Peer 1: 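The structure is given below, and queries will be raised subsequently.
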Amino acid sequence: QLRLVESGGDLVQPGGSLRLSCTASGVSLDDYIIYWFRQAPGKEREGVSCMHYRGYKANYADSVKGRFAISRDGAKNTMYLQLSSLKPEDTAVYYCAAVWSPYADSCTPNYRHYDSRGQGTQVTVSS
């Protein structure tokens, strides 16, 4: 059974950076698309980014394009989300999720029908 655990969330000043990790156990991520989404209090869930674990083209929400970058470590069964030029409106709980997709070569960040998701990690952007 696939289990996902996020880490790396923290309090950071505007303009700062963080790297979030999504580490999987129980199953190899080779046939999965990994999604990152965020949930802020009183706001709708927002899909942030996605990419097939094999490294196919990543996609990003317009709100984070050019500031966030998704990547993978094949040896560690781990996906990352690099957050840069952070703004107060990026404050949220960030989650990773996975969808089994052995034949897919693209993804849409707002997809929501996950096979598994983590418990989330808090990112707070404030001075």
Side-chain angles (χ1 to χ4, degrees):
Q1 184 176 354
L2 176 62
R3 180 170 178 257
L4 301 173
V5 178
E6 303 94 335
S7 61
D10 205 346
L11 169 65
V12 62
Q13 292 188 343
S17 299
L18 283 174
R19 189 177 77 163
L20 308 182
S21 300
C22 174
T23 300
S25 61
V27 175
S28 168
L29 289 178
D30 284 349
D31 289 331
Y32 285 83
I33 292 174
I34 301 300
Y35 294 82
W36 285 96
F37 65 94
R38 62 188 180 185
Q39 182 83 57
K43 293 186 178 181
E44 294 247 339
R45 177 192 299 184
E46 181 185 17
V48 172
S49 182
C50 62
M51 186 175 78
H52 199 289
Y53 189 70
R54 296 196 201 116
Y56 303 153
K57 183 180 181 296
N59 281 307
Y60 300 91
D62 287 343
S63 59
V64 306
K65 206 169 289 184
R67 299 189 299 120
F68 290 9
I70 192 171
S71 63
R72 61 185 285 270
D73 186 328
K76 296 183 178 180
N77 216 29
T78 297
M79 292 287 278
Y80 301 101
L81 186 67
Q82 179 71 40
L83 286 57
S84 304
S85 301
L86 282 162
K87 306 174 182 180
E89 51 264 41
D90 294 318
T91 295
V93 179
Y94 284 72
Y95 300 86
C96 66
V99 176
W100 187 69
S101 305
Y103 309 112
D105 59 2
S106 64
C107 61
T108 302
N110 270 325
Y111 187 81
R112 294 191 176 192
H113 301 290
Y114 311 126
D115 296 323
S116 182
R117 53 175 276 184
Q119 83 292 343
T121 185
Q122 176 71 48
V123 173
T124 303
V125 185
S126 175
S127 54

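Values below: all heavy atoms of this structure, side chains included; hydrogens, waters and symmetry mates excluded. Here the structure is a predicted model, which means the values were calculated and not measured.
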Peer 1: Going from CG on Asp73 to CG on Leu29, what distance comes out if it is rounded to the nearest 0.5 angstrom?
Peer 2: 11.0 Å

Peer 1: Find the distance between CE (Met79) and CD (Glu6) and round it off to the nearest 0.5 Å.
Peer 2: 12.5 Å

Peer 1: Does the pair Asp105 and Lys57 meet the rule for a salt bridge (Lys or Arg N to Asp or Glu O under 4.0 Å), with working shown?
Peer 2: CA-CA 8 Å; Asp105 59 2; Lys57 183 180 181 296; over 6 Å; no

Peer 1: Is any side-chain heavy atom of Tyr95 closer than 4.5 Å to a side-chain heavy atom of Arg38?
Peer 2: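 Tyr95 does not reach Arg38 side chain to side chain.
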
Peer 1: Could you measure the distance from the OG atom of Ser101 to the CD1 atom of Ile33? Nearest 0.5 Å is fine.
Peer 2: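 Result: 3.5 Å between the selected atoms.
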
Peer 1: In terms of relative ring orientation, are Tyr114 and Tyr35 parallel, tilted or perpendicular, with 30° and 60° separating the classes?
Peer 2: tilted

Peer 1: For Glu44 and Gln39, run side chain to side chain contact (heavy atoms under 4.5 Å, CB included): C-alpha distance rounded to whole Å, both residues' side-chain angles, the deciding distance at 0.1 Å, then the answer.
Peer 2: CA-CA 7 Å; Glu44 294 247 339; Gln39 182 83 57; 5.6 Å; no

Peer 1: Would you name the heavy atoms of Gly47 and Asn110 that are closest together and state the gap between them?
Peer 2: N-OD1, 3.0 Å

Peer 1: Taking ring pair (Phe, Tyr, Trp, His ring centres under 6.0 Å) as the definition, give me every residue that meets it alongside Tyr94, ordered by chain and number, with sequence neighbours left out.
Peer 2: none

Peer 1: Quick one, Pro109 and Ser49 - any side-chain contact, counting heavy atoms below 4.5 Å?
Peer 2: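 Not touching, per the 4.5 Å side-chain cut-off.
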
Peer 1: Residues in side-chain contact (heavy atoms from CB on, under 4.5 Å) with Asp30, at least two apart?
Peer 2: Ser28, Tyr53

Peer 1: One thing to verify: whether Lys87 and Asp90 come together as a salt bridge, which I'm taking to mean a side-chain N less than 4.0 angstrom from a carboxylate O.
Peer 2: no

Peer 1: Tell me, with the steps shown, if Glu89 and Val125 meet side chain to side chain contact (heavy atoms under 4.5 Å, CB included).
Peer 2: CA-CA 8 Å; Glu89 51 264 41; Val125 185; over 6 Å; no

Peer 1: Rounded to the nearest 0.5 Å, what separation is found between the CD1 atom of Ile34 and the OG atom of Ser71?
Peer 2: 12.0 Å

Peer 1: Around Arg3, counting heavy atoms of other residues, nucleotides and ligands shown, do more than 12 lie under 6.0 Å from its CZ?
Peer 2: no

Peer 1: Does Tyr32 reach the side chain of Leu2, with side-chain heavy atoms less than 4.5 Å apart?
Peer 2: yes

Peer 1: Do Ile70 and Leu86 belong together in a cluster built from hydrophobic side chains that touch within less than 4.5 Å?
Peer 2: yes

Peer 1: Treating Ile, Leu, Val, Met, Phe, Trp and Tyr as nodes and any side-chain heavy-atom pair under 4.5 angstrom as an edge, say whether Leu4 and Trp100 lie in one connected cluster.
Peer 2: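 Shared cluster, yes.
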
Peer 1: Can you give each donor-acceptor pair under 3.5 Å made by side-chain atoms of residues 11-23, sequence neighbours left out, with the distance rounded to 0.1 Å?
Peer 2:
{"unit_1": "Thr23", "atom_1": "OG1", "unit_2": "Thr78", "atom_2": "OG1", "d": "3.2"}

Peer 1: Any chance you could lay out the side chain to side chain contact (heavy atoms under 4.5 Å, CB included) test for Arg72 and Met51, step after step, and finish with the verdict?
Peer 2: CA-CA 9 Å; Arg72 61 185 285 270; Met51 186 175 78; 4.3 Å; yes

Peer 1: Do you reckon Phe37 sits in the same ILVMFWY cluster as Val99, going by side-chain contacts under 4.5 Å, direct or chained?
Peer 2: yes

Peer 1: Give a yes or no answer on whether the side chain of Thr121 reaches the backbone of Gly9 with a donor-acceptor pair at less than 3.5 Å.
Peer 2: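 At least one qualifying donor-acceptor pair exists.
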
Peer 1: Any chance the side chains of Ser63 and Glu46 put a donor and an acceptor closer than 3.5 Å?
Peer 2: yes

Peer 1: If you take all heavy atoms of Ser85 and Arg67, which pair is closest and at what distance?
Peer 2: O-NH1, 3.0 Å

Peer 1: How many angstroms lie between CG in Leu81 and CH2 in Trp36, if you round to the nearest 0.5 Å?
Peer 2: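 Output value for this atom pair is 5.5 Å.
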
